[in-house]
Amino acid sequence: MTTRTEQSPSSPRPLALITGVGRTAGIGAGIARRLAASGWDIAFTYWKPYDARMAWGAEPGATGTIEAGLAELGAATAAIEADLADPEAPARVFDEAERRLGPVTALVLSHCESVDSGLLDTTVESFDRHFAVNTRATWLLIREYGRRFSVERGTGRIISLTSDHTVGNLPYGASKGAMDRVTLAAAHELAHLGVTANAVNPGPVDTGWMTEEVRAHCLAATPLGRLGTPQDTAHLVDFLCSREGQWVNGQLLKSNGGLA
């Protein structure tokens with residue numbers, strides 16, 4: 001794929017670093033496509049072993065397919081495999097993104113560890129892994145972003161994807177709740193850089209994980225009578241990353257069709 005150094009210097013594109021872009025049907029991939037269409041270059045992370053151990057399984061060729069689709073939209077790309085449970089991974093991700101495409105303007109955090117379990121059956125190992133991936137990696141990625149920020153003041157964006165699910169999904173919901181606090185702190189602690197930071201709760205989006213029972217429940221609970229899509233989330237992220245979205249800052253935004 002192309003790198004920024006191969007592009008015309010007269011039309012530079014800002015760079016978005018998006019985590020958790022492992023499957024073509026995922027929210028991360030939808031966000032990447034929307035931002036690419038809006039004029040962004042895209043660096044993204046993925047971690048095949050996570051998808052491989054989930055019910056949907058790994059998607060062969062997904063990384064190449066995603067990169068090719070982004071390139072068709074004019075974006076230079078950098079796909080970076082990273083286990084975000086490793087505390088050294090965030091710095092390596094930024095090193096690679098900067099080496100290949102330049103400084104990061106927008107950081108979009110759509111990675112997750114999500115394994116269903118409740119209060120009584122969650123293991124310590126699972127609890128710790130959820131917090132390592134969903135909370136600690138978010139903090140470390142935001143910290144790297146703040147330390148390295150070097151683009152025009154007022155253009156920086158941090159957006160994390162969150163969830164309010166808790167019952168039967170304790171470690172996921174708890175670690176996402178902690179992630180919110182980290183993200184919202186950045187809206188104040190990185191104010192001197194002119195960076196905005198927001199958390200987005202997209203509600204349940206069917207990217208292949210829903211059972212028929214879950215799908216029917218979500219449809220019944222949503223006034224608009226349909227399920228959320230990656231494109232719904234992507235449109236909001238696109239706005240938040242735009243100049244017009246700068247005044248939205250330090251917010252936990254729900255974009256879930258009115259799910260009750």
Side-chain angles (χ1 to χ4, degrees), residues 1-3 15-36 41-73 75-101 104 107-117 123 125-141 144 159-163 169 171-172 175-176 179 202 205-211 229-230 233-234 237:
M1 296 302 164
T2 59
T3 64
L15 174 62
L17 171 57
I18 308 172
T19 60
V21 186
R23 298 185 301 129
T24 56
I27 294 176
I31 293 171
R33 287 189 289 269
R34 180 63 257 164
L35 290 180
D41 287 338
I42 306 294
F44 66 89
T45 73
Y46 64 98
W47 182 237
K48 290 180 180 177
Y50 172 71
D51 289 319
R53 63 183 168 85
M54 302 304 287
W56 51 77
E59 180 183 351
T63 301
T65 299
I66 292 168
E67 282 197 289
L70 299 177
E72 289 178 359
L73 296 169
T77 64
I80 305 166
E81 188 163 20
D83 179 6
L84 293 176
D86 177 359
E88 303 299 322
R92 290 198 296 267
V93 167
F94 268 86
D95 286 343
E96 186 67 7
E98 290 174 344
R99 182 184 69 81
R100 295 170 63 179
L101 296 177
V104 174
L107 174 62
V108 182
L109 302 159
S110 65
H111 66 277
C112 76
E113 170 76 10
S114 179
V115 178
D116 291 349
S117 62
T123 66
E125 186 278 332
S126 178
F127 189 88
D128 287 349
R129 172 168 276 275
H130 278 80
F131 272 83
V133 174
N134 296 341
T135 309
R136 186 179 68 193
T138 294
W139 161 52
L140 293 173
L141 285 160
E144 287 298 320
I159 301 164
S160 63
L161 299 190
T162 189
S163 172
N169 207 0
Y172 176 71
S175 58
K176 283 288 189 174
M179 182 201 71
V205 176
D206 188 7
T207 59
W209 60 271
M210 285 188 180
T211 64
T229 68
T233 308
V237 172

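Nearest approach of Ser126 to Pro171, heavy atoms of both residues: OG-CG, 4.3 Å. Closest non-hydrogen pair, Gly30 versus Ala234, comes out as O-CB, 3.5 Å. Nearest heavy-atom pair across Ser110 and Leu161 is CB-CD1, 3.5 Å. The nearest pair of heavy atoms linking Cys112 to Tyr172 is CB-CE1, 4.1 Å. When all heavy atoms are compared, the tightest approach of Ala16 to Leu35 is CB-CD1, 3.9 Å. Pro87 and Arg136 make their closest contact through CD-NH2, 3.6 Å (heavy atoms, listed as atom of the first residue, atom of the second, distance).
With sequence neighbours excluded, the residues forming a side-chain hydrogen bond (donor to acceptor under 3.5 Å, both in side chains) with Ser160 are Thr183, listed by chain and number. Under the side-chain contact (heavy atoms from CB on, under 4.5 Å) criterion, Ala91 pairs with Glu144, Arg148, sequence neighbours left out. For Thr19, the side-chain hydrogen bond (donor to acceptor under 3.5 Å, both in side chains) test picks out His111, with sequence neighbours left out. Residues that satisfy the salt bridge (charged side-chain N to carboxylate O under 4.0 Å, His left out) test with Arg34, not counting sequence neighbours, are Asp238. By the side-chain contact (heavy atoms from CB on, under 4.5 Å) test, Asp206 is found to be paired with Met210, Arg215, Leu227, residues two or more places apart in sequence or in another chain being considered. Every residue two or more places apart in sequence or in another chain that forms a side-chain hydrogen bond (donor to acceptor under 3.5 Å, both in side chains) with Thr24 is listed here: Glu59. Applying the side-chain contact (heavy atoms from CB on, under 4.5 Å) criterion to Thr207, with sequence neighbours excluded, gives Arg23, Ile27, Val205, Trp209, Pro230. For the side-chain contact (heavy atoms from CB on, under 4.5 Å) test, residues two or more places apart in sequence or in another chain that qualify with Glu113 are Tyr50, Arg53, Val115, Arg129, His130, Val133, Asn134. Applying the side-chain hydrogen bond (donor to acceptor under 3.5 Å, both in side chains) rule to Ser117 yields the partners Thr122; only residues at least two apart in sequence or on another chain are considered.
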**Pair Ser114-Lys176, side chain to side chain contact (heavy atoms under 4.5 Å, CB included): steps then yes or no** = CA-CA 10 Å; Ser114 179; Lys176 283 288 189 174; over 6 Å; no
Could you please spell out the steps behind the side chain to side chain contact (heavy atoms under 4.5 Å, CB included) verdict for Ile31 and Ile159?
CA-CA 11 Å; Ile31 293 171; Ile159 301 164; over 6 Å; no
**Request:** Starting from the C-alpha separation in whole Å, work towards a yes-or-no answer on side chain to side chain contact (heavy atoms under 4.5 Å, CB included) for Leu141 and Phe94.
**Result:** CA-CA 8 Å; Leu141 285 160; Phe94 268 86; 3.9 Å; yes
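Atoms CG and OG1, from Leu101 and Thr77 in turn, are 7.0 Å apart once rounded to the nearest 0.5 Å. Atoms CD1 and CD1, on Ile66 and Ile18 in that order, are 10.0 Å from each other to the nearest 0.5 Å. With rounding to the nearest 0.5 angstrom, the CD atom of Glu98 is 9.0 Å from the CG atom of Leu15. Rounding to the nearest 0.5 Å places CD of Glu96 at 12.5 Å from OG1 of Thr45. Atoms CG and CG, from Leu17 and Asp41 in turn, are 12.5 Å apart once rounded to the nearest 0.5 Å.
The salt bridge (Lys or Arg N to Asp or Glu O under 4.0 Å) pairs that include a residue from residues 76-90 are Asp86-Arg92, where partners are two or more places apart or lie in different chains.
The 12-atom threshold is not exceeded at CZ of Phe127, counting heavy atoms of other residues, nucleotides or ligands nearer than 6.0 Å.
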